[in-house]
Protein chains: 4
Amino acid sequence: MSEKNKTKRDIILKAAIKVFAEKGYHSSRTIDISNEAGVAYGSLYHYFQSKDDILLSIFRERWQLLLNKVEKIQETLTEPGEKILTIIDYIFRSYQNNPAMMKVLIMDVPRHAQFYSPENWVLYNAFFKELENIFREGQERGVYVKNVSPLIASYAIYGAVDTTIRQYVYNPEFNDNEFPLEKAREQIVQILKEGFSERAA
Amino acid sequence: MSEKNKTKRDIILKAAIKVFAEKGYHSSRTIDISNEAGVAYGSLYHYFQSKDDILLSIFRERWQLLLNKVEKIQETLTEPGEKILTIIDYIFRSYQNNPAMMKVLIMDVPRHAQFYSPENWVLYNAFFKELENIFREGQERGVYVKNVSPLIASYAIYGAVDTTIRQYVYNPEFNDNEFPLEKAREQIVQILKEGFSERAA
Amino acid sequence: MSEKNKTKRDIILKAAIKVFAEKGYHSSRTIDISNEAGVAYGSLYHYFQSKDDILLSIFRERWQLLLNKVEKIQETLTEPGEKILTIIDYIFRSYQNNPAMMKVLIMDVPRHAQFYSPENWVLYNAFFKELENIFREGQERGVYVKNVSPLIASYAIYGAVDTTIRQYVYNPEFNDNEFPLEKAREQIVQILKEGFSERAA
Amino acid sequence: MSEKNKTKRDIILKAAIKVFAEKGYHSSRTIDISNEAGVAYGSLYHYFQSKDDILLSIFRERWQLLLNKVEKIQETLTEPGEKILTIIDYIFRSYQNNPAMMKVLIMDVPRHAQFYSPENWVLYNAFFKELENIFREGQERGVYVKNVSPLIASYAIYGAVDTTIRQYVYNPEFNDNEFPLEKAREQIVQILKEGFSERAA
DNA sequence: AATGAATGAGGTTTCATTCAT
DNA sequence: GATGAATGAAACCTCATTCAT
C-alpha cells in the first residue's frame, strides 16, 4: 500500500471514529462517514470490506498501539508497580487525547457481534496477558500478594479503569472540573495497590 | 394491569432476555422475541412501546431489583465491609442464576444509545450512590481509608465485578472449571479491600 | 395459505410477468413490480424470498401447468402423433393467450443462474422426458422411425417450437399478419413428422 | 488499428468469452474480465465502449464468421442438402472447438436486452435468410417439399440445433459419453430431412 | 497506451411498527 | 386482547465507468 493510500485510509478511519463516537455505531450511516471524511461514498469500500470492517479495524489498530506501548513499558521499566501505573496512565491519557476514539473502543467495539471472533479475542486478551505477566512478576519479586490470581488481578485493574472512563464519557451528572481525571487515576492506582481498608496501626 | 397481563408481559420480557443474550440487541428481531415468547409479534406492542422499550424495561425492572436488594442490605447489615461483600456476592449470584439476563444488563443495556437518558441515569446512578454511601460510612467509621473518593471507589468496585463477569460470559479462552466464579469473587473482594501490594512486616 | 393470500400472491406474479416481459428481468426493479401490482414493495417479500424467487416461481408454476397439460394429454389421447400435435398446439396457444409470460419463460428464465439448479432441471427435464416417452411409444407402435433417439427427437421438437416463438416475440422484421402463427404451427408439425425432403415417387 | 492492439483486443474478447461462459453475462464483472485477460480494467475501455459492447462485439465477430462460412459453403457446394448438413456440422464443430464461445452465443447474446437493436437483427437474420435461400433453392430444384415456408424451415433447423447444444451445455443429467455429439448431429439432420414418421411401404 | 483509485447512482432487502379484522 | 398482513423508510453495498497520472 502506498503512502498516499495509507493517508486516505486514515482519513476515513478518523472520520469513522468521530461519527461513531457522536452517534454510536448502529446509528451511524456509512454515508455519514464518507461525508465526514470528504470522500466519495464508494471509496469506503476501496479501503474496507464493510462498515463492520471499519469498526474492527479501529479496534485492531488502536489496540495494537496499546500493546506496543505495553511492550515498550516492559522493555523500559523494571518495577512492576511502575509498569502498571504507566499503563493506567497511558489509558487515561489516551482518553484525554482522543475521547472519541475511547468512546468507540469502550462502547461500540465490545457490543459488536463480530468482535467476538477468535482473532479479535487473541488480540484483546494479549493485553490482559501482559497485565497478568507484570502482576506475576510482582508476585515473584515479593511485592504483590501471592494469594491473588494474576488473571483476576488483571480484570480488576482494567475494569476499574474502564468503568471510570465510561463515567467520564457518559455520566451527565459527572463533572470533570470537580473531579479531575488526574485525581481519579491516582486514586484508582491507590485502591488497586493498597485497597481501601484502613490498616490497623 | 391485570395479573394475567402481567404474566404475558413477563413471558415477553423473559423471551427478550433470552434472545438479546443469544444474538445481541441489534441482531435480535422483534419476530425472534415473539417466536421465543410464543405470541404474535403484534402483541409486543400491547405491552411495550417499541423494541427499545423492551430493552429498557429489562434494565429498569432488573436494576430496581438490585436497588431493592441494596436497600435491604442497608437495613439488615451494619458493617460496611459486609455490605459491599454481600452486594458483590448478589451480583455474582445473579449471573449464576440468570446468565442471559446478566449478559443483557452488562452488554446490551449500557451500550444502547437510548440508555443515556436522564431518567435512566438517575436509576443507574442510584446504585453507584448507594455504593458511595456505604463507602463513606466506612470512612466515617474509620475502617476505610480517608484519602479515597467514595465516587471513585464505587467505580473501582463495580468495574472490577463487571469486567470479571464479562470475561466469564464472553472470553472463549476462559475456563470456568479451572477458575470457579466463587474464587473470583473472593479475590476481587480481597483486592478491593487490601490491595495487591505486599505489606512490609 | 388462505384464498385471499393466494390472490395477492397471484397479483404480484402477474405484475412481475408483465414487468419482466417489458423490460427484461435484469432491467426490472422490484419497485416496478410492486407499482404494477399496486402493493407496497415490502409486500413482495411476504410472498417471495427475493426477486430471484419471483422469477423462478413463475417458471415452476407455469412449467407445472405445462406438465399437467401433458399428463392430461397422455391420459386422454392415444395416438402419439396426435399427442405431439396437441402439445405443440398448447404451447403456441399459451403464447397467444399470454405472450408476456412466454417471453419471460423463454428469455428470462433460462438465462438466470439459479435456473440451473438440480430441482429446477428435474422439473424442466420432466417435460422432455414426457416427449421422449411419447416418441418411444410411437416407435413401439411402428409409426415413428426406429433409428432416431427419443432424446434427440424431443430436442428437435421443442427447439423448433421455441425458436419459432422467439421470432414472433422479438424479430422486428417478422410480420404476424403475413405469416399467422396458426400456419407456422402446422408447418413445424409437418417438418417434424415428414421432414422437408421431397420423396421419390 | 495496429496489429499489436488487435492482439490485446482479442485477448480481452477471449477472456470475456471465458468469463461470460462461466458466470453468465450479468454475474460477470468487468474486473473479472480484466483479471482473466491480465490487463488493467481501465484498458477494457480503450478497446470497447462498455461491457455491453464487449458482449455484442463477441456476437458481431463470431456471427460474421458463421456468415462467412455459410457464404463459402454457398460458393463451394451445390446440393442444398449438403449445404445444410455442412452448416449444421460447422455449428456443432464450433461448439466442440470452443464450447465457451457457444455458450455465450446461445445463452447470453440472444437474452441480452441490447441485442435487440435493428443493426444486430440485420446481422442475426442474415444467417436465417441464408438458410431460407438454401431451402428455397432446394424447393426450386424439386428436392424439398413445396408446401413448407423457407422461413419456418430455417427456424426449425436452427432451433433443433440450438436446443440440442443447450442440453449438452447445461443439462446436468446429460451424459456426453452415452450420447456423442456426432450422433446427435446425424439424427437431427435425419429428422429435419426425413421427419420421424415411418413411411408406409 | 495503460493504470487503478475514485466515483456515486442505483437497487435489493430488512425489519420495526401499524392497524384492520 | 390478539393477530399477522401490510407498509415503506432506511441503509448497505456493488460495480460500470471515468480520468488524472
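Within every chain, numbering begins at 1; the chains are lettered A, B, ... in the order of the sequence lines, protein sequences first and strands thereafter.
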Open item on the list: When both hydrogen-bonding distances must be under 3.5 Å and the geometry is Watson-Crick or G-U wobble, what is dT18(E) paired with, if anything?
Closed with: dA5(F)
Open item on the list: What is the separation between atom CG on Asp32(C) and atom C1' on dG11(E), rounded to the nearest whole Å?
Closed with: 10 Å
TODO: Round to the nearest Å and state the distance from Arg9(D) atom CZ to dA2(E) atom C1'.
DONE: 17 Å
Task: Where protein sits on nucleotides 15-21 of chain F, one letter per nucleotide: B base, S sugar-phosphate only, - none, heavy atoms under 4.0 Å - done: SSBB---
- [ ] Kindly determine whether Lys14(D) and Asp10(D) satisfy side chain to side chain contact (heavy atoms under 4.5 Å, CB included), including the steps that lead there.
- [x] CA-CA 6 Å; Lys14(D) 201 174 164 186; Asp10(D) 286 347; over 6 Å; no
Open item on the list: What is the distance, to the nearest angstrom, from the CD1 atom on Ile11(C) to the P atom on dA5(F)?
Closed with: 16 Å
TODO: Take atom CD1 of Ile33(C) and atom P of dG8(F), then tell me their distance rounded to the nearest Å.
DONE: 17 Å
Open item on the list: Can you confirm if the aromatic rings of Phe115(C) and Tyr170(D) lie within a centre distance of less than 6.0 Å?
Closed with: no
Task: Between dA6(E) (P) and Asn35(A) (CG): distance, integer Å - done: 17 Å
TODO: Indicate yes or no for a side-chain donor-acceptor contact from Asn120(C) to the backbone of Gln114(C) under 3.5 Å, with no hydrogens or angles considered.
DONE: yes
- [ ] Check Ile31(D), Ile33(D), Val39(D) against Asn35(D) for a side chain to side chain contact (heavy atoms under 4.5 Å, CB included) and give me the one that passes.
- [x] Ile31(D)
Open item on the list: What I want to find out is whether Asp108(B) reaches Lys103(B) closely enough, with some N-O distance under 4.0 Å, to be called a salt bridge.
Closed with: no
TODO: State whether Ser43(A) places a side-chain N or O below 4.0 Å from either non-bridging phosphate oxygen (OP1 or OP2) of dT7(E).
DONE: yes
TODO: Let me know the distance between CZ of Phe48(C) and P of dT12(E), rounded to the nearest Å.
DONE: 15 Å
Open item on the list: Under a 4.0 Å threshold between the charged nitrogen and the carboxylate oxygen, would Asp53(D) count as salt-bridged to Arg60(D)?
Closed with: yes
- [ ] Can you tell me the distance, in whole Å, between the CD1 atom of Ile12(C) and the P atom of dT13(E)?
- [x] 14 Å
Open item on the list: Could you tell me how far apart Tyr47(A) (OH) and dC13(F) (C1') are, to the nearest whole angstrom?
Closed with: 17 Å
Task: Counterpart base for dT13(E), defined by Watson-Crick or G-U wobble contacts under 3.5 Å - done: dA10(F)
Task: Any donor-acceptor N/O pair, Tyr47(D) side chain to Ile54(D) backbone, under 3.5 Å - done: no
